[in-house]
Structure formats: C-alpha cells, structure tokens
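What you see is a predicted model, and the numbers here were worked out from it, not measured in a lab. Naming: A, B, ... by sequence-line order, numbering from 1 per chain.
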There are 2 protein chains.
Amino acid sequence: MPPRHRDTDRVPSRLEGRATWLVSRAYARSSGLLNAGFGAAGGGLRGYHYRLLAALAEWGPASQAQLGRQTGIDRSDVTAALTELESRDLIERTADPDHGRRKIVTITAAGVDQLHRLDQVVDGVQDDFLAPLTPAERDRLVTLLTRLLDTPH
Amino acid sequence: MPPRHRDTDRVPSRLEGRATWLVSRAYARSSGLLNAGFGAAGGGLRGYHYRLLAALAEWGPASQAQLGRQTGIDRSDVTAALTELESRDLIERTADPDHGRRKIVTITAAGVDQLHRLDQVVDGVQDDFLAPLTPAERDRLVTLLTRLLDTPH
DNA sequence: CATTCAATGTTGGTCATGCCAACATAGCGA
DNA sequence: TCGCTATGTTGGCATGACCAACATTGAATG
C-alpha cells in the first residue's frame with residue numbers, strides 16, 4: 001500500500017501524543033469558540049473583561065493591582081481593559097481616600113447584567129467544547145487539569 | 001473568621017471548574033515553558049518552525065500549501081516561517097517542475113540536526129509541564145485530550 | 001477551444017493574550 | 001531621613017492565529 005497522501009487531519013508523530021501539543025490545540029479550539037461567542041453576544045468584550053467583571057462581582061471592589069493579582073492579568077493590561085469597561089459604564093473607578101495613588105474599582109449594575117450575559121455565552125461554549133466527551137470524561141478532564149495547575153510550580 | 005484577603009492563588013468561582021479556563025491556564029504554562037526552552041536552545045526558532053520541520057522530516061518534501069494543511073498553519077504564516085528557516089539553511093525551496101507556481105520544500109541535513117535539538121527541548125518541557133501528575137494520570141490526560149480533539153467538529 | 005474556477009505563494013494587515021521596561025508618585029519601614 | 005516597595009500608566013514586543021487581496025497557474029467545465 002502506498003503511503004497516504006492526505007494533507008489534512010494528520011499530525012507529525014513527534015507532536016501527536018505530546019501534552020503541550022494537545023493543550024495548544026485544545027486552547028486554539030476553546031479560544032476560537034470563546035471569541036466567536038463574545039463577538040456575537042458580548043458587545044465587543046473579550047476574555048480579559050470577563051475575568052475582571054467576574055472577580056469584581058465575586059469579591060467586591062478592589063484596587064487595580066489587586067485585580068491583576070486575582071485574575072492573573074498584568075497591571076498594564078488591567079489598566080487598558082478597565083478603561084474599556086469604564087467607557088461602557090460597566091465599572092467605576094474612584095480614588096481611594098486612604099491612599100493617594102490607589103483607585104478602587106467597583107462593578108456597576110449594568111456590569112453585573114453584562115456579566116450574566118457573558119456567563120450564558122461561556123456556558124454554551126463549555127458544551128460545544130466538551131461535546132466529544134461523556135459527562136464522566138468531562139469530569140475526569142477537569143479534575144486532571146485542576147490537579148495539573150494547582151500544584152505550585 | 002473574616003474573609004480572606006489574599007490577592008493571589010484564587011480564581012473567581014465562575015471560572016474555576018470551567019474547561020475553557022483550565023485549558024487556557026494550561027496553555028499559558030505550556031507555551032511559557034516552550035518559549036523559554038526554544039529561546040534558550042532553539043536558535044531563535046519558534047513553535048511554527050518546529051511544526052514545519054517535524055512535518056518535513058516525517059513526510060518528506062511537500063509544497064507550502066501542503067505543509068500548511070499538515071501542520072494547521074495558515075499559508076501566509078507558512079511562507080514567513082519557511083523564509084526564516086531557509087535563511088538558516090534548515091530547509092530548501094525548489095520550483096516544482098510539474099507545476100509552475102508550486103514550490104517543493106525539503107529539509108536539509110542541518111535542519112534534521114536542528115530538529116533533533118528541538119526534540120530534546122520539547123521532551124524536557126513535557127516533563128516539567130506534567131510534573132504534578134503521576135504517569136498514569138499523564139496517560140489519562142493525553143487520552144482525554146486526544147479524544148476531545150479527534151472528534152470532527 | 002475558451003472561459004471559469006480553484007489552487008498557490010505572497011504581502012500586508014488585524015486581533016488576543018501575555019510579558020516587560022520605565023516612569024512618576026505615594027506610602028512605609030529601617 | 002533615606003530607601004524600598006506599591007501603584008497606575010504608557011508604550012513596546014512576541015507568539016499564535018486568521019483574513020483579505022493579488023497575480024499566476026493549472027484544471028475543469030461549458
């Protein structure tokens with residue numbers, strides 16, 4: 001039998017079973033779905049905005065540096081994303097009375113509403129993303145990834 | 001007990017068990033390790049170059065469009081990455097005698113050597129990346145991700 | 001055979017995520 | 001008081017991924 005000549009749906013064997021390769025493919029798919037969903041229903045918001053709104057809704061007002069640490073987003077990117085959220089009136093920035101430079105960021109009612117809409121999008125994407133797996137397999141995958149990431153490194 | 005005030009090592013509960021979130025965190029870690037490894041030992045090459053060299057070494061000479069389909073890299077990015085590989089004499093581009101526009105890309109001996117060096121890097125990164133998991137867990141993770149990605153979507 | 005269509009390589013953009021450096025300023029600790 | 005750290009901001013870079021347009025070529029269709 002001659003070698004197969006199909007161009008696509010094949011992966012060099014060097015990559016095939018590599019965890020880093022699989023994770024990068026999974027991420028490409030996941031972020032594609034997420035961007036499509038955010039683009040369609042998110043009013044131009046992206047992952048950074050969702051993370052920040054989620055942190056504010058869950059833990060209440062915080063300084064920008066605090067938000068950065070909570071969400072794993074760089075301080076400079078926090079600044080930019082908050083400026084966009086502020087221009088849409090989804091958050092408010094007020095000066096911290098006890099600290100000259102610090103600003104306290106608060107989510108607005110509209111921000112909470114928007115967050116709920118984004119939650120819907122994210123939920124839908126989970127289903128699409130995990131569609132090939134059974135519920136038990138989905139749980140196992142989540143557990144393994146959680147263990148992989150929880151361990152300090 | 002007052003609420004905890006630690007800034008870091010926490011994740012909004014909305015994100016915590018989400019597969020897309022975990023995958024994005026895993027990818028951030030994995031690509032960080034990979035970039036560090038490639039930067040240290042890869043002679044300025046990146047993931048695209050590795051994928052292309054791997055495909056050429058495994059399946060032999062191919063046209064650029066073929067390479068793009070094999071590796072999942074866009075035609076335009078293939079062009080750019082091949083130009084860089086060519087300038088390092090890791091690949092060669094020759095005109096296809098049977099086809100005017102098409103170019104046949106071949107990996108050179110130096111390219112094969114470089115690929116072997118990159119293999120070492122990638123192998124080392126797998127170990128770092130998967131360190132928190134037992135061998136059995138690593139296998140399960142790879143199996144689950146493979147199943148997740150194999151299914152046509 | 002002629003015309004259309006698809007494939008090819010290339011150029012030149014865009015976007016999102018993640019970093020890093022530098023800076024001015026503010027607060028804190030030694 | 002002096003020096004260190006934290007803070008918000010600006011501006012930049014790298015990587016991966018994608019897209020549009022173009023000229024050219026081969027192949028398919030009428």
Side-chain angles (χ1 to χ4, degrees), chain A residues 7-8 15 20-21 23-39 42 44-52 62-84 86 91 93-105, chain B residues 7-8 15 20-21 23-39 42 44-52 62-84 86 91 93-105:
Chain A
D7 274 355
T8 190
L15 299 177
T20 51
W21 167 256
V23 165
S24 94
R25 300 303 54 197
Y27 173 73
R29 182 120 73 102
S30 137
S31 63
L33 292 170
L34 243 17
N35 287 338
F38 281 166
L45 299 183
R46 294 156 297 147
Y48 278 0
H49 304 115
Y50 181 66
R51 289 200 230 170
L52 291 168
S63 76
Q64 299 190 189
Q66 230 176 348
L67 280 170
R69 286 185 294 265
Q70 288 171 348
T71 58
I73 303 175
D74 189 83
R75 291 207 313 274
S76 60
D77 300 319
V78 170
T79 295
L82 288 181
T83 300
E84 291 160 348
E86 195 178 29
I91 59 122
R93 281 197 263 214
T94 60
D96 184 338
D98 301 339
H99 196 298
R101 262 190 117 47
R102 191 146 43 193
K103 298 181 181 178
I104 303 292
V105 182
Chain B
D7 275 354
T8 190
L15 299 177
T20 52
W21 167 256
V23 164
S24 94
R25 301 303 53 195
Y27 173 72
R29 183 120 72 101
S30 136
S31 63
L33 292 170
L34 243 17
N35 287 339
F38 280 165
L45 300 182
R46 293 156 299 148
Y48 278 0
H49 303 115
Y50 181 67
R51 288 199 229 171
L52 291 168
S63 75
Q64 300 189 186
Q66 231 175 348
L67 280 171
R69 285 185 294 265
Q70 288 171 348
T71 58
I73 302 175
D74 189 85
R75 289 207 315 273
S76 60
D77 299 320
V78 170
T79 296
L82 288 180
T83 301
E84 291 161 346
E86 195 177 30
I91 59 124
R93 283 197 262 213
T94 61
D96 185 338
D98 301 337
H99 196 298
R101 256 186 125 48
R102 192 145 43 194
K103 297 181 181 177
I104 303 292
V105 182

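Put simply, CZ on B:Arg69 is 8 Å from C1' on C:dA7, counting in whole angstrom units. Atom CG in A:Asp77 sits roughly 10 Å away from atom C1' in C:dC20 (whole-Å rounding). A:Trp21 places its CH2 atom 15 Å from the C1' atom of D:dT15, with the value rounded to the nearest Å. When the P atom of C:dT17 is taken as reference, atom CZ of A:Arg51 falls 7 Å away, rounded to whole Å. The nearest whole Å value for the distance from the NE2 atom in A:His99 to the C1' atom in C:dT25 is 10 Å. The nearest whole Å value for the distance from the CG atom in B:Asp74 to the P atom in C:dT8 is 13 Å. In this entry the distance linking CG of B:Leu52 with P of D:dG16 reads 11 Å, nearest Å. In this entry the distance linking CD1 of A:Ile104 with P of C:dA26 reads 16 Å, nearest Å.
If you check every strand for non-hydrogen atoms under 4.0 Å, B:Ser24 touches nothing. Using a 4.0 Å heavy-atom cutoff across all strands shown, B:Tyr27 reaches sugar-phosphate atoms only and no base atom. Using a 4.0 Å heavy-atom criterion, one finds that B:Gly47 contacts the sugar-phosphate atoms exclusively.
Minimum heavy-atom separation, A:His49 to A:Ala81: CD2-O, 3.5 Å. Here the closest non-hydrogen pair linking A:Val23 and B:Ala26 is CG1-C, 3.7 Å. Of all the heavy atoms in A:Val78 and A:Gly68, the pair that sits closest is CG2-CA, 3.7 Å.
A donor and an acceptor atom never sit less than 3.5 Å apart when one is taken from the side chain of A:Asn35 and the other from the base of C:dC15. Counting atom types as modelled, B:Arg101 pairs no side-chain N or O with a base atom of D:dT25 as donor and acceptor under 3.5 Å. Applying the 3.5 Å distance criterion, the base of C:dA7 shares no donor-acceptor pair with the side chain of B:Arg102. For C:dG18, its base never sits under 3.5 Å from the side chain of B:Ser31 at any donor and acceptor pair.
Looking only at side-chain heavy atoms (C-beta outward), A:Ile73 and A:Leu52 come within less than 4.5 Å of each other. B:Val105 has its side chain out of reach of B:Glu86: every pair of non-hydrogen atoms, C-beta onward, lies at least 4.5 Å apart.
Taking 4.0 angstrom as the limit, A:Gln64 places a side-chain polar atom (N or O) nearer than this to OP1 or OP2 of D:dT9. Within the structure, a side-chain polar atom (N or O) of A:Arg25 is placed less than 4.0 Å from OP1 or OP2 of D:dA17. The shortest distance between the side-chain N/O atoms of A:Arg93 and the OP1/OP2 oxygens of D:dT9 is below 4.0 Å.
Nearest-nucleotide positions on DNA chain C place A:Arg46 closer to the 5' end than the other of A:Gly72 and A:Arg46. Looking at which nucleotide of DNA chain C each of A:Asp98 and A:Phe38 is closest to, the 5′-most match is held by A:Phe38. Along DNA chain D, the nucleotide closest to A:Arg75 and the one closest to B:Ile73 are compared, and the more 5′ of them pairs with A:Arg75.
Set against C:dT11, C:dC20, C:dG18, the side chain of A:Ser76 has C:dC20 as its closest nucleotide.
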If you apply the rule side-chain contact (heavy atoms from CB on, under 4.5 Å), what do you find for A:Arg93 with A:Thr83, and how did you get there?
CA-CA 9 Å; A:Arg93 281 197 263 214; A:Thr83 300; 2.8 Å; yes
